[in-house]
J.: 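My questions all concern the structure below.
Owing to the predicted nature of the structure, the values given are computational and were not obtained by experimental measurement.
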Amino acid sequence: MSPANPHESALLEDLNAPQREAVLHGDGPLLVLSGAGSGKTRVITRRVAYLVKVHNVYPWRILAVTFTNKAAREMRERLVQLLGAQANELVVSTFHSAAAQILRREAEHVGLTRSFVIYDDSDQLNVVKRAMREAGIESMQPREILHRIDQEKNAARLPEHMQVAPGDERGQLVRKVYAAYQERLRAANAVDFGDLLLLLVTLFRTRPDVLENYRRRFHHVLVDEFQDTNPVQYALLKQLAPPPSANLVVVGDDDQSIYRWRGADVDNILGFPRQYPGAKVVKLEQNYRSDQNILDAAHEVIRKNTRRMEKKLWSERQRGQTLNLMLNRDERAEGQEVARQILALQREGFIKLSSMAVFYRANAQSRVLEEALRLARVPYTLVSGRSFYDRAEVRDASAYLRLMVNPRSDADLLRIINIPARGIGDTTVERVTDFANARGVSLYEVLSQPEQIPALNGAAVKRLKGFRNLLESLTAFAQTNEEAAGAVDQMLRETKLVETLQAEGSDESQTRAENLREFLGAAQEFDLNRAAAAVAAAANPPSDVPPEVDAAPLTADVPALQAFLEQISLVGEADAEVGDGRVALMTLHAAKGLEFDAVFLTGMEENVFPHSRAVKSESTFLNEVASADGEPSEEMAEERRLCYVGFTRARKRLFVSLAQCRSLFGELRYNAPSRFLRDVPPALFGISEQEVPEAPRPMVPSTQRRRTWDEDDGPRIDRSYSQASSDMDGVGGDVRGMRVRHEQFGVGRVVSADGNGPNAKVTVEFGGGVGLKRIIARFLIPG
DNA sequence: AGATATTCTGTTTTT
DNA sequence: CAGAATATCT
């Protein structure tokens, strides 16, 4: 390769040999196996820049997909740095966004219109429930059915492709609901997340001519975090970049596959060389991120997984400080201690708040941490993705907007038919839906002539007409207005959503009204960004486009309101100003792909992390498979990978924290230290073998055992966390038949008890004509 | 109809 | 414990 091009050396100079090899790779498939912190995103972005600047590949020929919005955003930013304005012509997005954009262009081919809306999880659940009700199915949980429908979609199977054994009645039910569910979505001109991919794959399969248009355009496809692709996504990739020889570059790390529950299949990356024979394989094994102690700890955790691609991560970095183990009394103490350590690190002066992060397994854990940080005046940002758009009032507003674009969306209509309250109650709604179902038309359509609906009184008909008029007016407005903010503003005016909330007068309703104003603000900001992007695109039109290729931006010609709604559905809120002098708080899943000087990994307890579900699956797995060599269940293996991801985010300092007891789901739980802690040699924490925390043993009278996660051997009295003296401390043993006293009801006998601890609900048979009462345990006195 | 109280339930991760 | 579903009251 001659250094004829001045860009070449600049793009390559700070890369190591394998990184360079990946960037320089010519045509054909390439698999980059890259360990944590080995610079994989750098390789992808450099390669894109190299293709454009050195090989003169037109940017509009490049499609780069990632898994999460954050990753896509970051990749785009880096590419803007490398390529400047040219970066705008690239398609850099998540699988779902890219699929949504293509699907919108081709909507007519799949029985949708261009204004289709995207249903999220709770919309999906509502549709499942309605489909079940109509089919008269009550024997299964809607959640379970939805879960199985999602799995089918992840596996690229439509209802007719489902494989159900003849005797599998539940499977039959799922298929039946799935089919009805799909029909409802199509009738509502709506898709769910899974459809975005599945419908596109189906379209490409049935219409090779349509697929051909995209193949002609995208000559280079690059995929980050390939270990997290599920079968539909892989199918889509194979269509766009068919084996054996397409220019498909996939980058990933099997040890960081953490989306199995969403259908991700590690075999995609493990088997890539078989799917694309002749693919070049490059391994990135030098870690540039973490000090050796951190790397060692991470390695000790991950090496227990059996099915891995062998990689030897090494580093030239120093050993660094030891890891810190923080043992706390409970989750509140944990929060305080984290806050204290953060402030201490900041005071030392080497680490800024913006390069510190606190991780946890589940979102619910963030509240206590937030409280502690707030109290200690540590500025923080909650990196939660989409909490804003999940608020009830914002969802209501979005539902109205979606109806403005697509009035057939029954799920949205049902959501807001009586918001704000307009006297359309459950009975009326039921009659309207029954009528619409019988006719097989949308609710909106039925509302044009509500007098035809049987059993409705005059008042109800009138209110329905008023509601329909409101929707008509809004829909008409949406057709003439070209800005998202204009539509939001008009909608808020006509629906009086804000006014109604303000009139309520409570603090909470004020906050909600405020959120709606913020929603308007988000729309205004969206319009501004969009205008700026349009100017930039006009200044840099795709160049040298052959006549048979459509190189327009995928989002061209999408009306503003629709684009805004799509952003809400798929992207959520833009990242809050992370890094702006604030500590970042996030789940372990959200942490993937990021790095920080100091990381606090909290809740390192069995049943918290690893999550109780995985612990449970482990025991059933061991029972069923009787795997004597202790091979971990897939679920547990994934928790382990998650832990690996968490550890390897840290550059210099890794604080691992646990609590001896923690309120979980309203009960005090004593969890053993996480098994992942035991995998880390104590020396890495700078402690001796004896100092490794043991399973806590709360003081328990007599022979009672500690209550663990899933054992339930009947109610017991437990005096172990006794604070007050004479009150019954709570249920922890067999209390049936026990004599108790209540201030008001007098003396009685315990019939049964629910739960344990001081808040258990105890059913007591009182004397003196009082009879059975349900009492909270702490209001009872023994004897 | 609608507001409010009560019971029940299911507790992860995200596009 | 919190959100959903359900019961009860106005």
Side-chain angles (χ1 to χ4, degrees), chain A residues 65-72 93-100 118-122 124-126 129 141-144 147 150 153-154 191-198 225 228-230 232-233 257-264 359-368 383-387 389-390 392 418-429 457 459-460 463 504 566-572 586-592 603 607-617 635 638-639 641-643 645-646 662-669 709-710 754-755 757 759 761 774:
Chain A
V65 286
T66 67
F67 237 78
T68 61
N69 292 306
K70 212 177 302 156
S93 80
T94 62
F95 271 101
H96 286 87
S97 286
I118 301 166
Y119 280 4
D120 70 9
D121 181 64
S122 73
Q124 285 180 279
L125 198 60
N126 286 331
K129 283 178 184 165
Q141 297 277 327
R143 272 239 165 260
E144 193 200 334
H147 174 74
D150 273 337
K153 293 192 171 186
N154 289 335
V191 299
D192 61 19
F193 288 122
D195 278 345
L196 291 172
L197 304 159
L198 179 52
E225 309 281 12
D228 284 324
T229 48
N230 61 31
V232 194
Q233 289 163 326
S257 169
I258 56 175
Y259 285 100
R260 200 184 81 93
W261 49 276
R262 226 172 61 182
F359 300 158
Y360 37 84
R361 175 65 177 82
N363 284 307
Q365 289 165 252
S366 74
R367 260 188 41 181
V368 180
V383 182
S384 67
R386 36 175 319 111
S387 56
Y389 290 107
D390 283 339
N418 202 29
I419 293 175
R422 50 173 72 89
I424 302 176
D426 295 346
T427 347
T428 308
V429 171
N457 61 34
R463 288 171 186 145
E504 231 178 88
E566 186 162 307
Q567 186 181 67
I568 291 175
S569 302
L570 296 179
V571 183
M586 68 190 85
T587 63
L588 282 159
H589 283 85
K592 193 171 68 157
N607 298 312
V608 176
F609 186 37
H611 191 270
S612 58
R613 283 275 246 253
V615 175
K616 217 172 225 171
S617 87
E635 253 169 311
E638 178 139 319
E639 297 285 310
R641 293 191 289 266
L642 200 51
C643 183
V645 167
R662 166 184 308 268
S663 281
L664 226 53
F665 315 135
E667 271 178 26
L668 203 59
R669 295 281 184 180
W709 183 261
D710 51 8
D754 244 10
N759 293 323
K761 296 181 190 81
R774 300 258 292 164

J.: Please write out each protein N/O paired with an N/O of nucleotides 11-13 of chain B under 3.5 Å, distance rounded to 0.1 Å.
T.:
residue : atom : partner  : partner atom : Å
B:dT12  : O4'  : A:His611 : NE2          : 3.2
B:dT12  : O2   : A:Arg361 : NH1          : 3.0
B:dT12  : O2   : A:Arg361 : NH2          : 2.2
B:dT13  : OP1  : A:Asn363 : N            : 2.6
B:dT13  : OP1  : A:Asn363 : ND2          : 2.7
B:dT13  : O4'  : A:Arg361 : NH1          : 3.3
B:dT13  : O2   : A:Trp261 : NE1          : 3.0
B:dT13  : O2   : A:Arg361 : NH2          : 3.4
B:dT13  : O2   : A:His589 : NE2          : 3.2
B:dT13  : N3   : A:Trp261 : NE1          : 3.4

J.: For A:Asp192 and A:Gln124, which heavy atoms make the closest approach, and how far apart are they?
T.: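 Scanning both residues, the minimum pair turns out to be OD2-NE2, 3.2 Å.
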
J.: A:Thr68: what forms a side-chain contact (heavy atoms from CB on, under 4.5 Å) with it, not counting sequence neighbours?
T.: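 A:Thr68: side-chain contact (heavy atoms from CB on, under 4.5 Å) contacts with A:Lys70, A:Ala71, A:Tyr259.
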
J.: Can you tell me, in whole Å, how much space there is between the P of B:dT13 and that of C:dA4?
T.: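 Roughly 15 Å separates the two P atoms.
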
J.: Using every non-hydrogen atom in the two residues, find where A:Val232 and A:Leu198 come nearest and quote the distance to one decimal.
T.: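 Looking at all heavy atoms of both residues, the closest pair is CG1-N, 3.8 Å.
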
J.: I need the CG-P distance between A:Asp121 and C:dG3, as an integer number of Å.
T.: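 After rounding, the reported distance stands at 15 Å.
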
J.: Atom CD1 of A:Ile568 to atom C1' of B:dT15: distance rounded to whole Å?
T.: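 To the nearest whole Å, that distance equals 15 Å.
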
J.: When the distance from OH of A:Tyr119 to P of B:dT14 is rounded to whole Å, what number comes out?
T.: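 Interatomic distance, OH of A:Tyr119 to P of B:dT14: 24 Å.
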
J.: What integer distance in Å separates A:His147:NE2 from B:dG10:P?
T.: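 The distance from NE2 of A:His147 to P of B:dG10 comes to 15 Å, rounded to the nearest Å.
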
J.: Using whole Å, report how far CD of A:Gln365 lies from C1' of C:dC1.
T.: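 Distance check: A:Gln365 CD to C:dC1 C1' gives 14 Å.
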
J.: What is the distance, to the nearest angstrom, from the NZ atom on A:Lys70 to the P atom on B:dT14?
T.: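 Atom NZ in A:Lys70 sits about 8 Å away from atom P in B:dT14.
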
J.: More than 12 non-hydrogen atoms from neighbouring residues, nucleotides or ligands closer than 6.0 Å to CG on A:Asp426, yes or no?
T.: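 No, not enclosed.
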
